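In what follows, a structure is listed as structure tokens, so that the remarks can point back to it.
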Protein chains: 2
Amino acid sequence: MAYRRTDSVAARLADTRRHILNAARELVAEGGFAAAQMTEVARKAGVATGTLYRYFPSKEELCRQVFREVSAREMNVLAGIAQGPGTASARLESVLRTFATRAVRGRRLAFALLAEPVDVGLAEERARFRRTHGEIFSGILEEGIASGEFPARDVKVTAACIAGAIPTALIGPLAPESHELDEKGEKVVDEIMTFCLAGVGLLQPRIKVKSPEPRIGEPRIRA
Amino acid sequence: MAYRRTDSVAARLADTRRHILNAARELVAEGGFAAAQMTEVARKAGVATGTLYRYFPSKEELCRQVFREVSAREMNVLAGIAQGPGTASARLESVLRTFATRAVRGRRLAFALLAEPVDVGLAEERARFRRTHGEIFSGILEEGIASGEFPARDVKVTAACIAGAIPTALIGPLAPESHELDEKGEKVVDEIMTFCLAGVGLLQPRIKVKSPEPRIGEPRIRA
DNA sequence: CGACAATCTGAATCATAGTTCATTCTTGTA
DNA sequence: TACAAGAATGAACTATGATTCAGATTGTCG
């Protein structure tokens with residue numbers, strides 16, 4: 001027997017892989033995907049450029065992986081809320097607020113995920129990201145329609161509208177150089193929510209909807 | 001006296017410039033900005049590569065110019081409607097429908113303007129484009145709020161929401177390979193409008209709004 | 001330890017596409 | 001027609017940044 005990868009080596013490899021991904025993620029968080037150049041990633045991760053290619057077949061794959069990890073984190077948060085307890089309208093509200101608020105908080109990263117000019121590979125990843133957003137919204141919408149909380153609509157289109165409205169409304173303010181959100185962030189989020197909730201037909205509902213479980217720390221939007 | 005640019009030469013120069021811009025625009029309309037490579041543009045325009053640089057300082061400028069021309073055409077159509085006669089709600093409706101419908105018709109070009117991955121220069125141009133959209137929407141919204149047709153809102157955010165919702169809802173279907181809109185186009189447009197109009201607070205208005213001048217060929221959206 | 005395999009290194013290479021510029025062709029005036 | 005200046009040409013150049021790979025290092029096992 002000639003060679004066998006020991007656990008300690010496997011661990012070190014995994015560790016290096018993480019280091020690389022973390023380095024890349026940090027660069028993206030600081031300067032967007034444009035800042036994630038292979039040389040920089042390598043330097044920040046403390047390895048040689050060539051080493052990156054022992055872990056990822058190409059820059060595109062590395063960046064995609066970063067994109068997926070970061071976006072998965074967001075999606076999980078939202079999916080958790082979507083699948084949680086509460087009326088559809090309460091969950092929709094919570095999901096929207098969370099989405100927008102987290103984007104405002106993680107400004108640069110959100111910009112990178114949602115709006116930064118990227119090449120086709122990442123654009124594809126971004127499309128998937130938005131589609132998943134759409135699915136989360138659709139799910140809630142379907143339930144809300146079934147329960148009579150929302151009027152019947154094409155949920156896919158409606159979900160896509162929401163998925164587009166939020167980032168776009170935030171983008172100007174979200175752009176790395178803008179500091180608009182530092183102060184007005186909450187107000188902007190409220191306005192966006194008003195629009196989206198009204199868009200699905202909620203704010204002026206035919207039947208007054210009672211929301212049985214308002215979440216702590218999730219204040220109602222202004223009427 | 002040695003040399004003077006005659007009218008006929010000036011005309012030829014202007015003509016060449018137009019040829020170049022048209023060639024570029026056609027390439028963009030066929031394959032997006034990605035297809036607008038200098039060599040290709042030159043070939044299509046029937047000039048040498050170097051000649052392009054006698055008319056435009058860089059590829060970026062050439063592409064920006066193309067972007068501006070194409071988007072200006074769209075903006076003018078919308079601005080015309082916005083400044084035309086009719087209640088704010090009627091104009092808003094008309095503008096939204098026109099925006100969406102034209103995007104569906106001019107599929108590839110719309111995709112290039114709204115969603116194709118482009119580099120930073122064009123992304124800037126695109127941001128301006130969206131901002132102008134926003135301004136058109138804001139204008140109508142302000143008037144509608146003043147006249148009591150819409151509830152009071154932050155018009156900038158609301159306008160941005162609309163400007164984001166429409167393209168995003170169209171993008172999946174708008175993507176060059178998708179043929180979804182060939183049949184379902186109208187329905188999708190209707191759904192998007194429903195969302196946006198409801199979003200501004202219109203579809204279930206406090207006071208029933210009568211639209212005095214419904215435009216020919218601009219059917220009302222389904223109730 | 002010695003031999004072999006896996007891993008790492010980073011300067012050199014490559015790929016792409018935009019840009020340049022020495023040269024040629026056209027146009028305007030004397 | 002001669003000649004100067006503008007315009008056009010397109011092959012060569014360049015800039016950027018990803019990718020490679022021959023050699024060095026580290027790890028495994030008899």
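So you know, we letter chains A, B, ... as the sequences are listed, proteins then strands, and number each from 1. The structure displayed is predicted, hence computed values, not measured ones.
Using a 4.0 Å heavy-atom distance criterion, B:R12 is classed as a sugar-phosphate-only contact. Residue contacts for A:F56: at a heavy-atom cut-off of 4.0 Å it reaches no nucleic acid atom on any strand shown. Among the heavy atoms of the strands, none lies under 4.0 Å from B:L52. At the heavy-atom level, B:T39 lies nowhere under 4.0 Å from the strands shown.
Put simply, CD on A:E40 is 15 Å from C1' on C:dG10, counting in whole angstrom units. In this structure, A:E61 atom CD and D:dT19 atom C1' are separated by 15 Å, rounded to whole Å. Between the C1' atom of C:dA17 and the CG atom of A:D119 lies a distance of 15 Å, rounded to the nearest Å. Following rounding to the nearest Å, B:K59 (NZ) and D:dT14 (P) show an atom-to-atom distance of 21 Å. Atom pair B:L62:CG and C:dA17:P shows a separation of 16 Å (rounding to whole Å applied). The nearest whole Å value for the distance from the CZ atom in B:R54 to the P atom in C:dC25 is 16 Å. In this structure, B:M38 places its CE atom 16 Å from C1' of D:dA11, rounding to the nearest Å. Between A:R17 atom CZ and C:dC8 atom P the separation is 13 Å, expressed in whole Å.
Here the nucleotide nearest the side chain of B:A48, chosen from C:dT7, D:dG10, D:dA18, is D:dG10. Comparing atom distances between the A:T51 side chain and each of D:dA18, C:dT19, C:dT9 picks out C:dT9 as nearest. For A:Y55, the listed nucleotide lying nearest its side chain is C:dC8; candidates were C:dT19, C:dC8, D:dT19. Ranking C:dC8, C:dT9, D:dA18 by closeness to the A:T16 side chain, first place goes to C:dC8. Comparing atom distances between the A:Y53 side chain and each of D:dA8, D:dT20, C:dT19 picks out D:dT20 as nearest.
Here B:F33 and B:F111 keep their ring centres 6.0 angstrom or further from each other.
Heavy-atom nearest nucleotides on DNA chain C were determined for A:V47 and for B:E60, and the one closer to the 5' end corresponds to A:V47.
In the displayed structure, B:R105 atom CZ is contacted under 6.0 Å by at most 12 heavy atoms of other residues, nucleotides or ligands.
Using a distance-only test at 3.5 Å, with no hydrogens or angles considered, no donor-acceptor pair links the side chain of A:R130 to the main chain of A:A160. In this structure a side-chain-to-backbone donor-acceptor pair under 3.5 Å is present from A:R153 to A:G199.
Remark: the A:N22 side chain and the A:R25 side chain contain an N/O donor-acceptor pair separated by less than 3.5 Å.
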